[in-house]
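Below is one structure, written out as structure tokens, with a few remarks after it.
Counting from 1, the numbers follow the sequence of the chain as shown.
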Amino acid sequence: MPRRTVRTVLALVMVAAAVLTGSAAVAAAGPAAAADGCFTWNRDLAEGASGDDVKELQVRVSGYPASGEVIAVDGEFGPATKGAVTRFQQAYGLSASGKADAATYNKIYELQDDDCSPAHFDFGELNNCNSDWSGGAVGAAEAKSNALRTMWKLEALRHALGDQSIRVTSGFRSKACNDQVGGAPSSRHLFGDAADLGAGPHSLCTLAKEARNRGFHGILGPGYPGHDDHTHVDHRSSKYWDAPDCGVTS
């Protein structure tokens, strides 16, 4: 049985047990009614909140910024985070309050595995270079953390495009792996925050166009030198979009 299904069953058992003991209202009220193997929120979060639990939330909703924007993972629940939470809620048919509550967390729990990766992507897809994320432009932990943010943005991209599969052809690269494939010396792949996407159910241009709404500052695709066979996305510090054949430019 898949881990997400197990967690859902356990949550239902917990609620049923609460009903039998006369404490159903208490059990259903808390945002952590369904505990999660990756991270469990134990309070509602709204604009003005701060803390590590806000950071965890920001990672999960990082694919729902205003078009062309990027959600900062800084632990501060500001207007941009509220907007992202609202768009996440709208995307999954939840009450769009902009406040992260039990329904919001339960949808996130449903979408993530115990290693914190989203439902339809895993760390192996974002790293076919080595097993420990070492040798890049940043430390291994930072590279893996950057890849996690990328995966959640890809999950949002996938959902926006009808929940059809997205094929990742390249992710994190060590300097040695980057040299082997002829990557640029300053490639974002060295930072773990980039992914190359191949054509599949969606064209490369469809991927490039929708990426504009999913928190990617870097988008390179058809018409950009060396990118006619894939769409590249990353979250570099400043916006650079260049997929001229798709009409995607900064």
Side-chain angles (χ1 to χ4, degrees), residues 1-8 36-38 59-65 67 70-71 84 87-94 106-129 131 133 143-173 177 181 188-189 192-224 226-235 241 243 245-248:
M1 184 181 293
R3 288 192 294 266
R4 287 183 296 280
T5 302
V6 171
R7 289 199 297 271
T8 301
D36 185 76
C38 165
V59 170
R60 279 31 168 219
V61 300
S62 59
Y64 293 90
S67 181
V70 174
I71 300 300
R87 284 182 284 272
F88 175 87
Q89 291 167 332
Q90 290 170 332
Y92 286 100
L94 307 176
N106 286 335
K107 174 53 67 174
I108 292 173
Y109 299 153
E110 179 185 330
L111 288 173
Q112 74 181 3
D113 284 325
D114 287 348
D115 65 356
C116 302
S117 64
H120 301 100
F121 299 90
D122 60 54
F123 285 105
E125 287 181 271
L126 271 290
N127 181 1
N128 56 16
C129 171
S131 61
W133 301 83
K144 190 173 183 179
S145 176
N146 287 341
L148 182 65
R149 289 176 61 194
T150 299
M151 284 191 282
W152 280 99
K153 293 179 183 185
L154 292 177
E155 184 73 23
L157 177 65
R158 186 185 189 280
H159 186 60
L161 293 176
D163 284 316
Q164 293 180 301
S165 63
I166 290 177
R167 184 166 60 94
V168 179
T169 61
S170 183
F172 167 75
R173 301 173 192 158
C177 289
V181 299
R188 295 308 306 181
H189 291 279
D193 68 7
D196 291 345
L197 311 177
H202 309 293
S203 70
L204 298 178
C205 283
T206 295
L207 295 169
K209 289 175 181 178
E210 185 56 38
R212 296 175 296 185
N213 306 316
R214 301 300 150 204
F216 292 109
H217 256 166
I219 304 173
L220 305 173
Y224 184 82
H227 288 69
D228 287 339
D229 62 349
H230 67 280
T231 290
H232 168 100
V233 293
D234 64 57
H235 41 260
W241 295 349
D245 289 358
C246 307
V248 176

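- Proximity of a side-chain donor or acceptor of Thr169 to a complementary backbone N or O of Asp196 within less than 3.5 Å is detected.
- Distance alone, capped at 3.5 Å, is enough to place a donor-acceptor pair between the Arg87 side chain and the Tyr64 backbone.
- Across every non-hydrogen atom of His230 and Leu204, the tightest pair is N-CD1, 3.4 Å.
- The side-chain heavy atoms of Cys116 and Leu148, taken from C-beta on, include a pair separated by under 4.5 Å.
- Within the model, atoms CG of Leu94 and NZ of Lys107 stand 6.5 Å from one another, a figure rounded to the nearest 0.5 Å.
- Under the side-chain contact (heavy atoms from CB on, under 4.5 Å) rule, Arg212 has a single partner from Lys209, Glu210, Arg214, which is Lys209.
- In terms of heavy atoms, Ala156 sits closest to Gly63 at CB-O, 3.5 Å.
- In this structure, Arg158 does not pair ionically with Glu155, as no charged nitrogen and carboxylate oxygen lie closer than 4.0 Å.
- Taking every heavy atom of both residues into account, Gly192 and Thr150 meet most closely at O-OG1, 4.1 Å.
- Contact detail for Leu126 and Ala195: the closest heavy-atom pair is CD1-CB, 4.1 Å.
- Within the 4.5 Å cutoff, the side chain of Leu157 has heavy atoms near those of the Leu154 side chain.
- Arg149 contributes no side-chain N or O that, together with a main-chain N or O of Val59, makes up a donor-acceptor pair within less than 3.5 Å.
- The side-chain contact (heavy atoms from CB on, under 4.5 Å) test with Leu207 singles out one residue from His232, His202, Arg167, and that residue is His202.
- Summarising the geometry, atom NE2 belonging to His189 is positioned 12.0 Å from atom CG belonging to Asn127; distances are rounded to the nearest 0.5 Å.
- Between His159 and Tyr92, the ring planes are parallel. Angles under 30° get that label, and only those over 60° would be called perpendicular.
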Audit row: Leu111, Trp152, side chain to side chain contact (heavy atoms under 4.5 Å, CB included) steps and yes/no:
CA-CA 10 Å; Leu111 288 173; Trp152 280 99; 4.1 Å; yes
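- Residues Asn213 and Ser67 approach most closely at OD1-OG, 2.9 Å, considering heavy atoms.
- The closest side-chain heavy-atom distance from Pro222 to Thr231 is below 4.5 Å.
- A 4.5 Å side-chain heavy-atom check between Cys38 and Asp114 finds every atom pair outside the cut-off.
- A donor-acceptor pair under 3.5 Å links the side-chain atoms of Trp241 to the main chain of Phe216, judged by distance alone.
- Ion pairing between Lys153 and Asp193 fails under the 4.0 Å rule for side-chain N and carboxylate O.
- Using cut-offs of 30° and 60° on the angle between ring planes, the pair His227 and Tyr224 is perpendicular.
- Judged purely by distance below 3.5 Å, without hydrogens or angles, the side chains of His235 and Asn146 never pair a donor atom with an acceptor atom.
- Put simply, the side chain of Phe123 reaches to within 4.5 Å of the side chain of Met151, judged on heavy atoms.
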